[in-house]
Enquirer: 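Got a structure here, written out as structure tokens. Questions coming.
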Amino acid sequence: MNYRHIYHAGNFADCLKHIVLTRILAYLQKKDKGYFVLDTHAGIGQYDLSSEEAGKTGEWQEGIGRLLAMDRQNVPPAVAESLAGYLGIIESLNPEGEMKLYPGSPRIIAQMARPVDRAFFIEKHPEEEQTLFHTMTRAMGRNGNLHFRQDDGWVALRADLPPQERRGMVLVDPPFEERDEYVRMAEAFLKGYRRWSTGIYCLWYPIKARREVDEAAQILANSGIDNILRAELVIHKLDTAKRLNGTGLFIINPPYLLHDELQALLPVLADIFGQTAHRSSLEWISPPK
Ligand code: SAM
């Protein structure tokens with residue numbers, strides 16, 4: 001195992017992914033009935049930013065560090081509203097004010113879950129899964145609605161669907177250690193979607209070079225599936241070698257108002273996180289019907 005998320009926790013790509021995650025969950029909570037969440041690549045749940053590993057890259061300082069330092073008075077009210085739930089979770093984990101603990105997707109999902117909601121967290125690597133289980137149990141107490149499993153997320157994306165609930169979401173957040181992971185993600189999504197076409201799917205990807213991303217987008221565009229949104233942030237010129245130059249999300253069946261929300265939010269995030277580039281884009285790969 002090479003990939004460990006502690007080196008990247010709280011970077012700008014995590015911020016975008018986790019802000020969108022909180023917004024999708026908030027929309028799901030507009031109805032009282034319980035929802036289902038599948039987190040196919042869960043990681044360890046939360047991250048100590050004062051650790052040696054996080055300090056080695058310092059990526060969080062260019063991500064959540066910048067977001068917390070922004071001038072909140074100058075943020076448009078609609079954008080402040082989109083960020084409020086996410087920043088509230090960050091603040092609740094760091095009550096002293098100093099940024100130390102960063103919530104991964106399991107912590108965000110668990111913290112937002114109501115007693116009627118269920119979540120499944122899949123992590124392939126046994127040590128990481130053990131850390132996930134113990135950390136989350138310590139932080140949140142035992143909760144029969146939160147299920148942790150050491151398994152292959154690509155298999156779960158098919159096998160755990162459809163859920164018994166009618167509504168819910170799937171977060172797919174692989175490590176992208178292999179070049180073919182973009183295509184793999186698009187193809188694995190299609191298998192899951194065939195089993196549960198009404199779920200919301202949020203597929204995360206890094207932008208290093210353009211070609212791999214476009215290949216995955218093409219698979220989605222050719223799938224005949226409606227209602228696929230693509231949101232991107234680019235913070236470095238794309239020819240910058242070996243860097244995470246940008247990040248994106250494919251969101252399938254996004255909640256109705258999420259598009260307009262992202263339209264206001266993404267340019268603000270591009271300004272905050274941008275370094276040698278400050279770009280954002282939002283497009284329908286295929287529009288809703
Ligand atoms: N989703 C997490 C978050 O937002 O906090 C971060 C996940 S991290 C990017 C990717 C995780 O996937 C790593 O912890 C890695 O060990 C795990 N992983 C790698 N291959 C996997 C697979 N086939 N199935 C499930 N988990 C996998």
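Order of appearance sets the numbers: ligands from 1, and atoms from 1 within every ligand. One is the number of the first residue; the rest follow in order along the sequence.
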Enquirer: Out of Glu123, Glu181, Lys124, indicate the one that has the non-hydrogen atom closest to atom 17 (C) of ligand 1.
Expert: Glu123
Enquirer: Ring centres of His8 and Tyr3 under 6.0 Å apart?
Expert: yes
Enquirer: Can we say Asp180 and Arg184 salt-bridge, meaning some charged N sits less than 4.0 Å from an Asp/Glu carboxylate O?
Expert: no
Enquirer: Can an N or O of Ser105 be found at a distance shorter than 3.5 Å from an N or O of ligand 1?
Expert: yes
Enquirer: Give a yes or no on whether a salt bridge exists between Glu232 and Arg230, defined as a side-chain N under 4.0 angstrom from a carboxylate O.
Expert: yes
Enquirer: Run the ring pair (Phe, Tyr, Trp, His ring centres under 6.0 Å) test against His147 and tell me which residues pass, sequence neighbours left out.
Expert: Phe120
Enquirer: In ligand 1, which numbered atoms sit nearer than 4.0 Å to a non-hydrogen atom of Gly104?
Expert: 5 (O)
Enquirer: Show the atoms of ligand 1 that are less than 4.0 angstrom away from any heavy atom in His18.
Expert: 3 (C), 4 (O), 5 (O)
Enquirer: Counting each atom of ligand 1 from 1 as listed, which ones have a heavy atom of Asp173 under 4.0 Å away?
Expert: 1 (N), 2 (C), 3 (C), 4 (O), 6 (C), 7 (C), 8 (S), 9 (C), 10 (C)
Enquirer: Report the member of His41, Glu129, Arg149 with the shortest heavy-atom distance to atom 27 (C) of ligand 1.
Expert: His41
Enquirer: Can a salt bridge be assigned to the pair Asp48 and Lys100 using a cut-off of 4.0 Å between side-chain N and carboxylate O?
Expert: yes
Enquirer: Under 4.0 Å from a heavy atom of Gly43: which atoms of ligand 1 are those, numbered in the order shown and with their elements?
Expert: 14 (O)
Enquirer: Check whether any N or O atom of Pro175, backbone or side chain, sits under 3.5 Å from an N or O atom of ligand 1, and answer yes or no.
Expert: no
Enquirer: Name all residues meeting the salt bridge (charged side-chain N to carboxylate O under 4.0 Å, His left out) criterion together with Lys17; count only those two or more places apart in sequence or in a different chain, and write none if there are none.
Expert: Asp14, Asp173
Enquirer: If the cut-off is 4.0 Å to any non-hydrogen atom of Asp152, which atoms of ligand 1 fall inside it?
Expert: 22 (C), 23 (N), 24 (N)
Enquirer: Does only the side chain of Asp151 get under 4.0 Å from ligand 1, or the backbone, or both, or neither? Count heavy atoms.
Expert: backbone
Enquirer: Check this for me, if you would: do Glu187 and Lys191 make a salt bridge, where the nitrogen-to-carboxylate-oxygen distance has to be below 4.0 angstrom?
Expert: no
Enquirer: Starting from the C-alpha separation in whole Å, work towards a yes-or-no answer on ring pair (Phe, Tyr, Trp, His ring centres under 6.0 Å) for Trp284 and His259.
Expert: CA-CA 9 Å; Trp284 289 108; His259 173 276; 5.4 Å; yes
Enquirer: Using a 4.0 Å heavy-atom cut-off, which part of Ala42 comes near ligand 1: side chain, backbone, both, or neither?
Expert: backbone
Enquirer: For ligand 1, which atoms have a heavy atom of Trp154 less than 4.0 angstrom away?
Expert: 23 (N)
Enquirer: Quick one: does Thr40 get within less than 4.0 Å of ligand 1, heavy atoms only?
Expert: yes
Enquirer: Do you see a donor-acceptor pair shorter than 3.5 Å between the side chains of Thr247 and Trp204?
Expert: yes
